[in-house]
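As structure tokens, the structure follows; a few thoughts come after it.
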There are 2 protein chains.
Amino acid sequence: MELLKNTLSLIEPLNKEAMDKAQAHLDDLTKPPGSLGTLEKLAKRLAGIKGEVPSHLLRKTHILMAGDHGVVSEGVSAFPQEVTPQMVLNFINGGAAINVLARHAGTELILVDIGVASELPELPGLINKKIAMGTKNLAKGMAMTREQAITALEVGIEVASEKIDSGAEVLGIGEMGIGNTTPSTCILAAFSGIPVEKITGRGTGVDDKRLELKIKAIKQGLEVNKPNKEDPIDVLMKVGGFEIAGMAGVILAGAAKRVPVIIDGFISGAAALVATRLAPLAKEYILASHLSEEPGHAVLLELMGLEPMLTMQMRLGEGTGAALAMNLVDAAIKIYYEMATFSQAGVSGAEDN
Amino acid sequence: MELLKNTLSLIEPLNKEAMDKAQAHLDDLTKPPGSLGTLEKLAKRLAGIKGEVPSHLLRKTHILMAGDHGVVSEGVSAFPQEVTPQMVLNFINGGAAINVLARHAGTELILVDIGVASELPELPGLINKKIAMGTKNLAKGMAMTREQAITALEVGIEVASEKIDSGAEVLGIGEMGIGNTTPSTCILAAFSGIPVEKITGRGTGVDDKRLELKIKAIKQGLEVNKPNKEDPIDVLMKVGGFEIAGMAGVILAGAAKRVPVIIDGFISGAAALVATRLAPLAKEYILASHLSEEPGHAVLLELMGLEPMLTMQMRLGEGTGAALAMNLVDAAIKIYYEMATFSQAGVSGAEDN
């Protein structure tokens, strides 16, 4: 609890002066003001986070949290729970989508077992922070205890802080956990009050029958647990998941240590919602990567006032969208430092702006 | 005319068999089927274009066409016409946004003067294909002659063919031309019949007064010229532009030589519309990069059935969005070849798919 409290107390607003300075330089580059849109906004945000636009490409670390969910016994997923540990091995062996895209982005990939429901062997590259063998079935009662929720948040803070202290300058997050769109939808419903049907999607691709079971489980979870949206940890412990809590912790650590965190799709978005309810200022440190196919994702992003950069119709998770967005952060830095100004290039400005 | 005719006659459908084979492999990779969305579609499309998914990253060339527009005398742009040649020099010197983003993407950048309204010195890296000192004022009459329109299309075909013959495996396109959202809007209005007010935007950022002048000039251009939408060259010559025709030629050459062409924003989208009206099959060779801020762009893409990958709120042109999308094409190829299959990784499939 001490670590969480301290972390929350360290989160401060962006550096407004640095952002104004960055804006002035951006407006002096040979392009109509604002015409590079999100690339300019990224550069400006980096200035606000770091105190100036970094003059080198950021050192990248992607943190992937894996956990299981008791609610799978309600039949909410098309894939069996054994896929979670199987995919952890796939990550270790470098064969999953996130491995390919992290390599493509030049990003270090960190794997954390925060609650996989099976014993995993000691593996090179796997950080064992297992809190329990998966959450309990949220449709029947609390997914975890309050202590477990805080521990999971602090696992995220610890892992992220360690990476930041050893040089990571931008973080990506992602997850693996069969069934985890179900707790994510519960979290969104709990905070937003939006009817469950409107924000429940097919996750990795369930059929109509399972979609019905999923909606039923989500509604039952909210009914049985009555999460209190004024207390984000209450929501997290009752209808959340270990990997979701862990990712929320990563975001809080990034915000506290002034490192931007690139979120992925729906599940990391639910983590971001928890983090921003715990610390509203954390929002400024979050970069939204892509708009996923999960119907609740657009709602989530809008609720936080975040705008995605990619529309790739993806719904895989693991942080695959976050990894793709790393390249855009690099591009923003290069635009800031490599473009000529109007006076350098001898280009006329607008006549009436 | 012969070159254009021959090029159109060479455009064939995608290789369906190769696409089915690619799909089967994609469905065998360790992810829910289709969950990588556009990355999977890109890989499949490359298979359809090239006969198989290329087993190496594609050699990239970006073709930037510069031209001027007589319609600027109607006061449709915030920037003076002298900016077109000034920006050409900026491109040559490497200081513009497209230089930065082409370097970032590992893309060769080719510059073509197809109709800049001033004499440019001979410059290393600048291809002189000037057809005229800018188009005529389309609000008063035809922007160019039919012969000029065909020549401009053939310039695009020639430049692209030369690059493809010397090894380019994917092309990006972009443009520079003060005032060129005006002819682009005319082209979209001519083909779609949508009211001009609905699809006219602020281009590089005009104020309300200029927006009114722009709408007036576009309406007048359509009224005076009465472009015949059944004859794409008629539309192009009456209300188009040299760089728009040149980019349409690049697309046609790509389609004829089975090389994908990544389009940029609104203006290259108008070029794509002309190209696909001349050869409907060309659509299959076009990759849409980003959704620009120009209001007509979404309409244009929908009209062609193309889906953008990036939503970066950009409105700069030059091909900046196309350059950013190159990284996503690379990612698609890596996904196809570097991910493990379910059997390789020992991962269970879906239970009911």
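Chain identifiers are assigned alphabetically (A, B, ...) following the order of the sequence lines, protein sequences preceding nucleic acid strands; residue numbering begins at 1 within each chain.
Below 4.5 Å, heavy atoms of chain A meet no heavy atom from residues 290-297 of chain B.
Annotation: maximal heavy-atom pairing with chain B below 4.5 Å, among A:L310, A:T341, A:D330, occurs at A:L310. Counting heavy-atom pairs closer than 4.5 Å to chain A, the top residue among B:E40, B:M309, B:M314 is B:M309.
By the side chain to side chain contact (heavy atoms under 4.5 Å, CB included) test, A:E82 pairs with A:P80, A:Q86, B:S348, sequence neighbours left out. A search for side chain to side chain donor-acceptor pair (under 3.5 Å) contacts involving B:T311 returns nothing, not counting sequence neighbours.
Remark: B:R59 CZ is loosely packed, at most 12 non-hydrogen atoms of other residues, nucleotides or ligands lying under 6.0 Å away. Within a 6.0 Å sphere centred on NZ of B:K216, other residues, nucleotides and ligands contribute 12 heavy atoms or fewer. Counting heavy atoms of neighbouring residues, nucleotides and ligands inside a 6.0 Å radius, atom CD of B:E302 does not exceed 12 of them.
Remark: side-chain polar atoms of B:H104 are paired, donor with acceptor, to backbone N or O of A:N327 under 3.5 angstrom. Distance alone, capped at 3.5 Å, is enough to place a donor-acceptor pair between the B:T38 side chain and the A:M312 backbone.
Ion pairing of A:R103 with B:E338 is present here, as a side-chain N (NZ or NE/NH1/NH2) and a carboxylate O approach within less than 4.0 Å.
With a threshold of 4.5 angstrom between heavy atoms, B:L328 approaches chain A through side-chain atoms but not through N, CA, C or O. Heavy atoms of B:T320 lying under 4.5 Å from chain A belong exclusively to its side chain. Interface remark: A:E307 contributes side-chain atoms only to the contact with chain B (heavy atom separation under 4.5 Å).
Pairing each heavy atom of B:R315 with each of A:P32, the nearest pair is NH1-CB, 4.3 Å.
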Anything under 3.5 Å between a donor and an acceptor, one on a side chain of residues 91-101 of chain A, the other on a protein residue two or more places apart or in another chain? List them.
residue : atom : partner : partner atom : Å
A:N93   : ND2  : A:L89   : O            : 3.1
A:N99   : OD1  : A:A96   : N            : 2.9
A:N99   : ND2  : A:F91   : O            : 2.9

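Annotation: side chain of B:T204 is not in contact with side chain of A:S35 (no heavy-atom distance under 4.5 Å).
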